[in-house]
Engineer: 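Please read through the structure below; I'll follow up with questions.
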Amino acid sequence: MREEIATEIVDLALKAKPELIVYSGDLPATAEALRDLLATSGKLFDRGLPVRVIRPADGSLPSAVRLTKHNVVIEAHRHCQPVKVDEDGEYIPITLPDRVAQMYLDMCGEWDLPPLTGVSTSPLLSPDGSVRMADGYDPATGLWCCGVPSLRLPARPSRAEAEAALALLRQTFRTFPFADAPRRLDLSLSVEVVDLACLPGQDESAFLNALLTAVCRASLWLAPGLLLTAPAVSGAGTGKGLLARAICTIAFGIRPRAFTMGSDRQELDKRLAAELIEAQPALFLDNVNGIALRSDTLASVLTERPARVRLLGQTRMVPLNSTAFISITGNGLTVTEDLARRFIPCQLDARCEDPELRQFGSGFLDEIERRRAELLVAGLTIWRWGRQNAPMLPRGKSLGSFETWAEWCRDPLFALGCRDPVERIQVLKANDPRRQRIAELFQVWWEHHGATPVKANQLAEPVKAVADPQGRGRQYLATFIAGLAGTHAAGFVLSRQESAGKWTAATYALTEAVPTDAIGHRTHRTDGPDDAASVPPISPMGPMPDVPDGDVPPGTEAEI
């Protein structure tokens with residue numbers, strides 16, 4: 001009796017699902033039929049490869065998991081029953097062959113699945129300042145939305161409300177040792193805190209910009225990452241990881257899982273690709289200590305949509321649209337080459353030998369979690385005030401690839417008295433070891449050759465020593481110098497003059513570069529070439545004239 005009931009249940013289950021006929025003589029046709037069936041399931045998405053959004057058993061955020069051929073077999077049996085035709089023309093249930101599953105995975109770009117750009121736990125924002133909620137897959141943005149808290153924002157925030165929101169954020173994070181912040185002793189805490197009577201310095205401003213960037217990240221096409229650094233020897237325990245986690249707790253409601261870079265750049269790029277495929281809202285690279293960070297994958301992900309990354313263990317490249325907020329922490333950390341312009345640099349300095357010995361109460365992140373809605377509203381109030389008054393706000397320096405980010409995140413804070421984090425990018429570039437080497441090369445070159453054209457093998461020995469410190473030979477030197485043609489550094493530009501004949505070498509000459517301003521107009525040099533690497537401090541803005549608050553009285557609230 002039990003066997004009959006079990007058989008009947010199996011028969012009902014099979015009848016409830018459509019049949020997928022497996023033609024042994026035409027498996028590609030079977031793979032195409034499977035493709036059409038899975039495309040309408042609503043469970044799978046395209047993230048450069050087929051993925052399924054799953055929620056882990058521990059209750060953490062959903063993540064995208066790439067399908068293997070075994071996953072394809074499981075998904076096929078969830079949505080259909082593969083069958084084959086026997087000699088009598090009867091349909092016999094079978095397990096989907098692995099070859100069909102592999103053929104499905106190899107149908108690159110033909111899966112007809114909706115694109116997945118990321119997982120979001122933040123409200124979705126629009127350029128006009130409007131905010132909307134979503135749950136599940138949002139076709140307009142390609143985001144999988146979940147866990148967005150219910151918020152109440154002022155319909156048209158006044159400047160005073162934006163200033164109050166900024167003050168609330170500064171008060172919450174006043175105990176962090178922003179390197180250039182003026183400090184005072186807080187008797188109730190018995191520790192030094194940021195002096196909130198002063199306008200935010202560069203490092204505190206960088207943190208505030210990073211926080212607003214994380215809040216807006218899911219709705220921004222591109223955005224810079226956050227680079228949290230501390231002194232090389234005395235930087236451990238300054239709170240870099242805690243600050244990164246607090247930012248993500250407010251913006252996304254999660255404490256991001258940290259990962260390290262591994263033994264070399266290749267390992268880092270593999271780990272980055274694996275993390276990015278999962279589509280998490282935050283990517284947290286921790287403990288990158290004492291190096292000049294370089295990563296082509298990281299550079300591409302921050303400024304390209306989609307960015308192409310290589311799958312682990314394969315020669316195949318896949319396109320990825322990423323909306324992840326990227327933060328990196330490290331002691332004595334610098335970034336090299338093009339990464340400098342892709343990060344908001346923020347330095348912490350406890351001004352003591354053993355920062356981890358400072359006395360603080362426990363439960364800071366727990367408090368941030370309890371206050372998430374309040375702090376998220378504060379960030380969105382500043383953003384909405386900036387959006388609704390955008391034409392009247394002063395603008396900071398331009399930053400290529402991140403124009404929308406500057407308008408949404410940087411400019412409202414700049415108008416409220418914060419410093420422009422773009423100013424610090426020149427400092428990052430100046431600290432780039434490769435740029436320093438080229439600047440030194442050009443200065444030594446100028447001392448020995450001036451503007452006289454010279455062949456690479458005719459350079460003075462002190463110049464060769466800087467260009468090729470390991471003495472790798474004439475071939476390396478010629479290739480290295482040729483690669484610098486057109487480079488601007490230390491107030492000079494290197495030009496290349498092609499040889500007149502087939503067997504003669506090209507010549508190179510340095511000329512003094514004519515400085516230009518931000519919009520390309522020529523300016524006058526006031527100091528020597530060495531001053532190109534120094535960035536004088538810029539005074540914070542004074543109070544901005546009040547901007548109209550619109551027709552809605554200040555304080556009027558609208559439920560999202």
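Remember, it's a predicted structure, so these values are computed and weren't measured experimentally.
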Engineer: Mark yes when over 12 heavy atoms from residues, nucleotides or ligands other than Glu356 sit less than 6.0 Å from its CD; otherwise mark no.
Structural biologist: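 Check passes, neighbour count above 12.
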Engineer: Looking at side-chain heavy atoms only, is the closest gap between Leu199 and Cys418 below 4.5 Å?
Structural biologist: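 No - every pair of side-chain heavy atoms lies 4.5 Å or more apart.
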Engineer: Kindly indicate, with the supporting measurements, whether the criterion salt bridge (Lys or Arg N to Asp or Glu O under 4.0 Å) is fulfilled by Asp366 and Arg371.
Structural biologist: CA-CA 9 Å; Asp366 294 333; Arg371 299 177 56 197; over 6 Å; no
Engineer: Using a 3.5 Å cut-off and no angle test, enumerate the donor-acceptor pairs between side-chain atoms of residues 224-240 and protein atoms at least two apart in sequence or in another chain.
Structural biologist:
from	atom 1	to	atom 2	distance (Å)
Thr238	OG1	Gly235	O	2.9
Lys240	NZ	Gly235	O	3.2
Lys240	NZ	Asn331	OD1	2.8

Engineer: Given Arg341, which of Ile425, Val335, Val422 fulfils the side-chain contact (heavy atoms from CB on, under 4.5 Å) condition?
Structural biologist: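 Testing each of Ile425, Val335, Val422 against Arg341, the sole residue satisfying side-chain contact (heavy atoms from CB on, under 4.5 Å) is Ile425.
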Engineer: I'd like to check Val194 versus Phe176 (side-chain heavy atoms, cut-off strictly below 4.5 Å). Are they in contact?
Structural biologist: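 With C-beta onward as the side chain, the pair stays apart.
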Engineer: Strictly distance-based, threshold 3.5 Å: is any side-chain N or O of Ser205 a donor or acceptor partner for the main-chain N or O of Gln202?
Structural biologist: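 No; zero donor-acceptor contacts below 3.5 Å.
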Engineer: Write down the atom of Trp385, the atom of Ala415, and the distance for their closest heavy-atom approach.
Structural biologist: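 The answer is CH2-CB, 4.0 Å.
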Engineer: With side chains defined as the heavy atoms from C-beta onward, is the minimum distance between Ile382 and Leu169 less than 4.5 Å?
Structural biologist: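 When only atoms from C-beta onward are counted, Leu169 and Ile382 do touch, with a gap below 4.5 Å.
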Engineer: Can you check whether Arg174 reaches Arg170 side chain to side chain, under 4.5 Å on heavy atoms?
Structural biologist: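 They are not in side-chain contact.
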Engineer: Measure from the side-chain N and O atoms of Ser130 to the backbone N and O of Ser126, and report whether any donor-acceptor pair falls under 3.5 Å.
Structural biologist: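 Pair absent, no side-chain N/O of Ser130 close to backbone of Ser126.
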Engineer: Side-chain contact test, heavy atoms from C-beta onward, threshold under 4.5 Å: evaluate it for Leu376 versus Pro149 and give yes or no.
Structural biologist: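 When only atoms from C-beta onward are counted, Pro149 and Leu376 do touch, with a gap below 4.5 Å.
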Engineer: Parallel, tilted or perpendicular: which describes the rings of Phe173 and Phe364, with under 30° parallel and over 60° perpendicular?
Structural biologist: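 The rings of Phe173 and Phe364 stand perpendicular, inter-plane angle above 60°.
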Engineer: For Glu374, is there an ion pair with Arg152 - N to carboxylate O distance below 4.0 angstrom?
Structural biologist: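 Salt bridge between Arg152 and Glu374, a charged N being under 4.0 Å from a carboxylate O: no.
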Engineer: I'd like to know if the side chain of Asp420 reaches the main chain of Lys397, judged simply by a donor and an acceptor atom lying under 3.5 Å from each other, with no hydrogens or angles considered.
Structural biologist: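 Present.
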Engineer: At their closest point, which heavy atom of Leu333 faces which heavy atom of Val288, and how far apart are they?
Structural biologist: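 For Leu333 and Val288, the tightest heavy-atom pair comes out as CB-O, 3.4 Å.
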Engineer: Using the salt bridge (Lys or Arg N to Asp or Glu O under 4.0 Å) rule, take Arg156 and Glu161 through it: C-alpha gap first, then chi angles, then the decisive distance, then the call.
Structural biologist: CA-CA 10 Å; Arg156 293 197 64 86; Glu161 287 174 310; over 6 Å; no
Engineer: Specify the closest pair of heavy atoms between Pro157 and Asn389, including all atoms of both residues, with the distance to one decimal.
Structural biologist: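 That would be O-ND2, 4.5 Å.
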Engineer: Hey, mind stepping through Arg419 and Asp180 against salt bridge (Lys or Arg N to Asp or Glu O under 4.0 Å) and telling me if it holds?
Structural biologist: CA-CA 12 Å; Arg419 300 286 292 273; Asp180 65 345; 5.3 Å; no
Engineer: Any ion pair linking Glu369 and Arg255 (charged N to carboxylate O, less than 4.0 Å)?
Structural biologist: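 Yes, this pair counts.
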Engineer: Quick one, Ser120 and Trp144 - any side-chain contact, counting heavy atoms below 4.5 Å?
Structural biologist: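 The answer is no; the side chains never approach within 4.5 Å.
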Engineer: Could you go step by step and tell me if Arg387 and Asp128 meet the salt bridge (Lys or Arg N to Asp or Glu O under 4.0 Å) rule?
Structural biologist: CA-CA 6 Å; Arg387 288 287 73 222; Asp128 62 358; over 6 Å; no
Engineer: Would Asp296 and Arg308 pass as an ion pair if we require N to O under 4.0 Å?
Structural biologist: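 Arg308 and Asp296: not salt-bridged.
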Engineer: With distance as the sole test, does Arg47 use its side chain to make a donor-acceptor pair with the main-chain N or O of Thr117 at under 3.5 Å?
Structural biologist: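 Such a contact is found between Arg47 side chain and Thr117 backbone.
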Engineer: In Å, rounded to the nearest 0.5 Å, how long is the span from CH2 of Trp383 to CH2 of Trp408?
Structural biologist: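 Interatomic distance, Trp383 CH2 to Trp408 CH2, rounded to 0.5 Å: 5.5 Å.
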Engineer: Answer yes or no: is there a donor N or O on one side and an acceptor on the other, between the side chain of Arg342 and the main chain of Thr303, under 3.5 Å?
Structural biologist: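 Absent.
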Engineer: I need the Thr329 OG1 to Asp286 CG distance, nearest 0.5 Å.
Structural biologist: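 Thr329 OG1 to Asp286 CG: 3.5 Å, rounded to 0.5 Å.
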Engineer: Please check this pair: side chain of Asp354 against backbone of Leu357, looking for a donor-acceptor N/O pair closer than 3.5 Å.
Structural biologist: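 The answer is no, because no donor-acceptor pair under 3.5 Å joins these two groups.
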Engineer: Between the main-chain N or O of Asp186 and the side-chain N or O of Ser190, is there a donor-acceptor pair closer than 3.5 Å?
Structural biologist: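 Side chain of Ser190 to backbone of Asp186, a donor-acceptor pair under 3.5 Å: no, none is there.
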Engineer: Do Phe259 and Leu272 come within less than 4.5 Å of each other through their side chains, counting heavy atoms only?
Structural biologist: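 Sidechains of Leu272 and Phe259: in contact.
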Engineer: Which pairs with one or both residues in residues 206-226 pass side-chain hydrogen bond (donor to acceptor under 3.5 Å, both in side chains), sequence neighbours excluded?
Structural biologist: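 Every side-chain hydrogen bond (donor to acceptor under 3.5 Å, both in side chains) pair that includes a residue of residues 206-226, provided the two are not neighbours, is Thr213-Trp405.
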Engineer: For a quick test of reading the model, state the closest non-hydrogen atom pair linking Glu267 to Gly262 and the distance between them.
Structural biologist: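 The answer is CG-CA, 3.9 Å.
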Engineer: Quick one: closest heavy-atom pair of Pro115 and Tyr137, and the distance?
Structural biologist: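 Result for this residue pair: O-OH, 2.6 Å.
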Engineer: Can you confirm whether the side chains of Arg305 and Ser322 place a donor and an acceptor under 3.5 Å from each other?
Structural biologist: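 Side-chain D/A pair, Arg305 to Ser322: absent.
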Engineer: Answer yes or no: is there an ion pair linking Asp264 with Lys270, defined by an N-O contact shorter than 4.0 Å?
Structural biologist: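 So Asp264 does not pair with Lys270 through a salt bridge.
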Engineer: In Å, rounded to the nearest 0.5 Å, how long is the span from CG of Leu185 to CG of Leu187?
Structural biologist: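 Answer for the CG-CG pair, Leu185 versus Leu187, is 5.0 Å.
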Engineer: Can you spot which of Arg358, Arg184, Arg183 makes a side-chain contact (heavy atoms from CB on, under 4.5 Å) with Glu192?
Structural biologist: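 Answer after filtering Arg358, Arg184, Arg183: Arg183.
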Engineer: Evaluate side-chain hydrogen bond (donor to acceptor under 3.5 Å, both in side chains) for Thr260 paired with Arg271, printing each intermediate quantity in order.
Structural biologist: CA-CA 8 Å; Thr260 57; Arg271 296 185 182 192; 3.1 Å; yes
Engineer: Taking the side chain as everything from C-beta on, heavy atoms only, tell me whether Leu348 gets closer than 4.5 Å to Asp203.
Structural biologist: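 When only atoms from C-beta onward are counted, Asp203 and Leu348 do not touch, as no gap falls below 4.5 Å.
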Engineer: Is Arg395 atom CZ crowded by more than 12 heavy atoms from other residues, nucleotides or ligands, each under 6.0 Å away?
Structural biologist: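 Atom CZ in Arg395 is not packed in, count stays at 12 or less.
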Engineer: Do you know which two heavy atoms are closest between Phe492 and Glu512, and how far apart they sit?
Structural biologist: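 Heavy atoms only, the tightest pair is CE2-CG, 3.8 Å.
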